A.B. asks: 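The structure's right below; bear with me while I get my questions together.
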Amino acid sequence: MKSIEELEKIRKETLEKVNLRKDRNGIRITVGMATCGIAAGARPVMMAILDELGKRNITDVVVAETGCIGMCKYEPMVDVYVPGQEKVTYIKVDENKARQIVAEHVVNGHPIKEWTISSVE
Amino acid sequence: MKELSLYILDIAQNSIKAGAKNISIKLEIDHKKDFMKVSIEDDGCGMDDELLKKAFDPFTTTRKERKVGLGLPFFKELALQCGGDAKIRSQKGVGTYVEGTFKLSSIDLIPIGDIPSTIISLIVSNSDVDVSFEIMSDGRKFSFNTLDIKKLLNGVKITEPSVLRWLIEYLEENINCVMEV
Ligand SMILES: Nc1ncnc2c1ncn2[C@@H]1O[C@H](COP(=O)(O)OP(=O)(O)O)[C@@H](O)[C@H]1O
Ligand code: FES
Ligand SMILES: [Mg+2]
């Protein structure tokens, strides 16, 4: 079973990587984590984003939460902020979409227009 | 919501919204007494008496985005359905304590669900907030505190993917071990 002592090994390995890291790219992903968001599946979406970033060894993207924006019917919602570009808001995101948003938008730089709020409003 | 751990996440999000620096989540399970208690305590802004009195009322919210507050009434409804009750204590400027009790034998009781994901989501939601978690199940106990983890990490951020991945496994193994019947 995992014990807390193992954390020291993780710390050392991570520290080496952190020291090699280039400048932050400033990309930010936020997940709506108010009641409706959580009820609609925001937690697995957030976990999928973290997992996908981790698998791809992407360490310079900040993931955080946003509160309620009064649009229950579109939850779970995910915002992607790329510096110098307009914010992109994805709606009705699930685990699978979340992974593709990381791959296509965050990694390859191509927003998936069909899943954004501007495709319905 | 299908898991108790999602209710916990939702109530703890109230704490984050209230500007808490520390959130303490406790889960107590006692099969002999047919009893479970879940509590979430924070040192956020707290509520004044007027707000506190109607905190479980579905039309209570200080949000501007919508007119109904959902989280606390949902939690109370679930506890009542499961032969328990929900309580809240709060003091303006000090903090808030929310507690729900449940009968383990209730057919309306939902699974506890994925506690590690709830804890990780809270850590990521606001990594400045410290989260402690304690589970006691039929005498077995596991406790966890992000303050200790941050101290051990000594300069490495708790939100680093490698750290989060380890934390998920660490929490899963230890919580499963405590909850084994
Ligand atoms: N931990 C807390 N600290 C301070 N105020 C709280 C806390 N939890 C709830 N409240 C207050 O009670 C209101 C109702 O909470 P809730 O039922 O979760 O609905 P909502 O979060 O949607 O407003 C909140 O808007 C807030 O003003
Ligand atoms: S959480 Fe439902 S409208 Fe924001
Ligand atoms: Mg709430």
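Letters A, B, ... mirror the listed sequences (proteins, then strands); counts begin at 1. Bear in mind that the values here come from a model prediction, so they are computed numbers and not experimental data.
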A.B. asks: Taking the side chain as every heavy atom from C-beta outward, state whether B:I149 and A:L7 have any pair of such atoms under 4.5 Å apart.
C.D. replies: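 A side-chain contact exists here, since the closest heavy-atom pair is under 4.5 Å.
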A.B. asks: May I ask you to check whether over 12 heavy atoms, not counting those of A:K2, lie within 6.0 Å of atom NZ?
C.D. replies: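 Yes.
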A.B. asks: Which atom names give the shortest non-hydrogen contact between A:G54 and B:P161, and what distance separates them?
C.D. replies: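 For A:G54 and B:P161, the tightest heavy-atom pair comes out as CA-CB, 3.8 Å.
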A.B. asks: Checking heavy atoms, do the side chain of A:T30, its backbone, both or neither come under 4.5 Å from chain B?
C.D. replies: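 Neither part; nothing is under 4.5 Å.
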A.B. asks: Which answer fits B:S127, side chain, backbone, both or neither, if we ask what part of it has an atom under 4.5 Å from a heavy atom of chain A?
C.D. replies: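 No part of B:S127 comes within 4.5 Å of chain A.
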A.B. asks: Does B:K87 have more than 12 heavy atoms from other residues, nucleotides or ligands lying within 6.0 Å of its NZ?
C.D. replies: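 Open.
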A.B. asks: Minimum heavy-atom separation for A:K17 and B:S162, please, with both atom names.
C.D. replies: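 Scanning both residues, the minimum pair turns out to be NZ-CB, 4.5 Å.
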A.B. asks: Side chain from CB out, backbone as N, CA, C, O: work out which of these in B:Q13 comes under 4.5 Å of a heavy atom of chain A, or both, or neither.
C.D. replies: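 For B:Q13, the contact with chain A is made by the side chain alone.
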A.B. asks: Flag yes if A:V120 and A:M71 sit in one hydrophobic cluster, no otherwise; membership is Ile, Leu, Val, Met, Phe, Trp, Tyr, and two members link when side-chain heavy atoms are under 4.5 Å apart.
C.D. replies: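 Shared cluster, yes.
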A.B. asks: Hey, any chance B:I135 and B:L147 share a hydrophobic cluster, counting ILVMFWY side chains that come within less than 4.5 Å of each other, even indirectly?
C.D. replies: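 No, because B:I135 and B:L147 fall into different hydrophobic clusters, even though each may have its own neighbours under 4.5 Å.
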A.B. asks: More than 12 heavy atoms of other residues, nucleotides or ligands under 6.0 Å from NZ of B:K150: is that the case?
C.D. replies: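 For B:K150, atom NZ is crowded (more than 12 foreign heavy atoms under 6.0 Å).
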A.B. asks: Please report the closest heavy-atom contact between B:R165 and A:K55, naming both atoms and the distance.
C.D. replies: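 Minimum heavy-atom contact is NH2-N, 4.3 Å.
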A.B. asks: Report which part of B:L167 has an atom under 4.5 Å of a heavy atom belonging to chain A: side chain, backbone, both, or neither.
C.D. replies: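 Neither the backbone nor the side chain of B:L167 comes within 4.5 Å of chain A.
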A.B. asks: Answer yes if B:M136 and B:I29 sit in the same cluster of Ile, Leu, Val, Met, Phe, Trp and Tyr residues linked by side chain heavy atoms under 4.5 Å apart, and no otherwise.
C.D. replies: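 In one cluster with B:M136: B:I29, no.
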A.B. asks: What part of B:S5 gets within 4.5 angstrom of chain A, counting heavy atoms only: side chain, backbone, both, or neither?
C.D. replies: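 Its backbone and side chain both get close to chain A.
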A.B. asks: Run through A:M33, A:M46, A:M47 and flag the one making a side chain to side chain contact (heavy atoms under 4.5 Å, CB included) with B:V124.
C.D. replies: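 Only match with B:V124 under side chain to side chain contact (heavy atoms under 4.5 Å, CB included): A:M46.
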A.B. asks: So, the side chain of A:R43 versus the backbone of B:D114: is there a donor-acceptor pair under 3.5 Å, distance only?
C.D. replies: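 Pair found, side chain donor or acceptor close to backbone of B:D114.
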A.B. asks: Would you say the side chain of B:L152 lies within less than 4.5 Å of the side chain of A:R11, judging by non-hydrogen atoms?
C.D. replies: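 A side-chain contact under 4.5 Å is absent here.
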A.B. asks: Kindly work out whether a path of hydrophobic side-chain contacts (I/L/V/M/F/W/Y, heavy atoms less than 4.5 Å apart) joins B:L4 to B:V178.
C.D. replies: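 Same cluster.
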A.B. asks: Hey, is NZ on A:K92 packed in by over 12 heavy atoms from elsewhere, all under 6.0 Å?
C.D. replies: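 No, because the 6.0 Å sphere around NZ of A:K92 holds 12 heavy atoms or fewer from other groups.
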A.B. asks: Of the backbone (N, CA, C, O) and the side chain (C-beta and beyond), which part of B:N154 lies under 4.5 Å from a heavy atom of chain A, both, or neither?
C.D. replies: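 Both the backbone and the side chain of B:N154 come within 4.5 Å of chain A.
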A.B. asks: Does any backbone or side-chain atom of B:N126 lie under 4.5 Å from a heavy atom of chain A? Answer side chain, backbone, both or neither.
C.D. replies: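 Neither the backbone nor the side chain of B:N126 comes within 4.5 Å of chain A.
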A.B. asks: Please name the pair of heavy atoms, one in A:A64 and one in B:S125, separated by the smallest distance, quoted to 0.1 Å.
C.D. replies: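 Shortest heavy-atom contact: CB-O, 4.3 Å.
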A.B. asks: If you tally heavy-atom pairs under 4.5 Å against chain B, which of A:E13, A:K12, A:E6, A:M1 wins?
C.D. replies: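 Heavy-atom pairs under 4.5 Å are most numerous for A:M1.
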A.B. asks: How about CZ on A:R56, more than 12 heavy atoms from neighbouring residues, nucleotides or ligands closer than 6.0 Å, or not?
C.D. replies: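 Check passes, neighbour count above 12.
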A.B. asks: Taking B:L6 as the starting point, is it possible to reach B:M179 by hopping between hydrophobic residues whose side chains are less than 4.5 Å apart?
C.D. replies: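 Same cluster.
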A.B. asks: In terms of heavy-atom proximity below 4.5 Å to chain A, should B:Y7 be classed as side chain, backbone, both, or neither?
C.D. replies: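 Nothing of B:Y7, per the 4.5 Å heavy-atom cut-off to chain A.
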A.B. asks: Given a strict heavy-atom distance threshold of 4.5 Å, which part of A:L50 is in contact with chain B: side chain, backbone, both, or neither?
C.D. replies: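 The answer is the side chain of A:L50.
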A.B. asks: For B:F133, I'd like to know if atom CZ has over 12 heavy atoms of other residues, nucleotides or ligands within 6.0 Å.
C.D. replies: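 Counting neighbours around CZ of B:F133, more than 12 heavy atoms of other residues, nucleotides or ligands fall under 6.0 Å, so yes.
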A.B. asks: Could you check if a side-chain atom of B:L153 sits within less than 4.5 angstrom of a side-chain atom of A:I10, using non-hydrogen atoms only?
C.D. replies: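 B:L153 does not reach A:I10 side chain to side chain.
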A.B. asks: Report the distance from atom CD1 of A:I4 to atom CG of B:N145, rounding to the nearest 0.5 Å.
C.D. replies: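 One finds 9.5 Å between CD1 of A:I4 and CG of B:N145.
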A.B. asks: Please classify the contact of B:E3 with chain A as side chain, backbone, both or neither, using a heavy-atom distance under 4.5 Å.
C.D. replies: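 Only the side chain of B:E3 comes within 4.5 Å of chain A.
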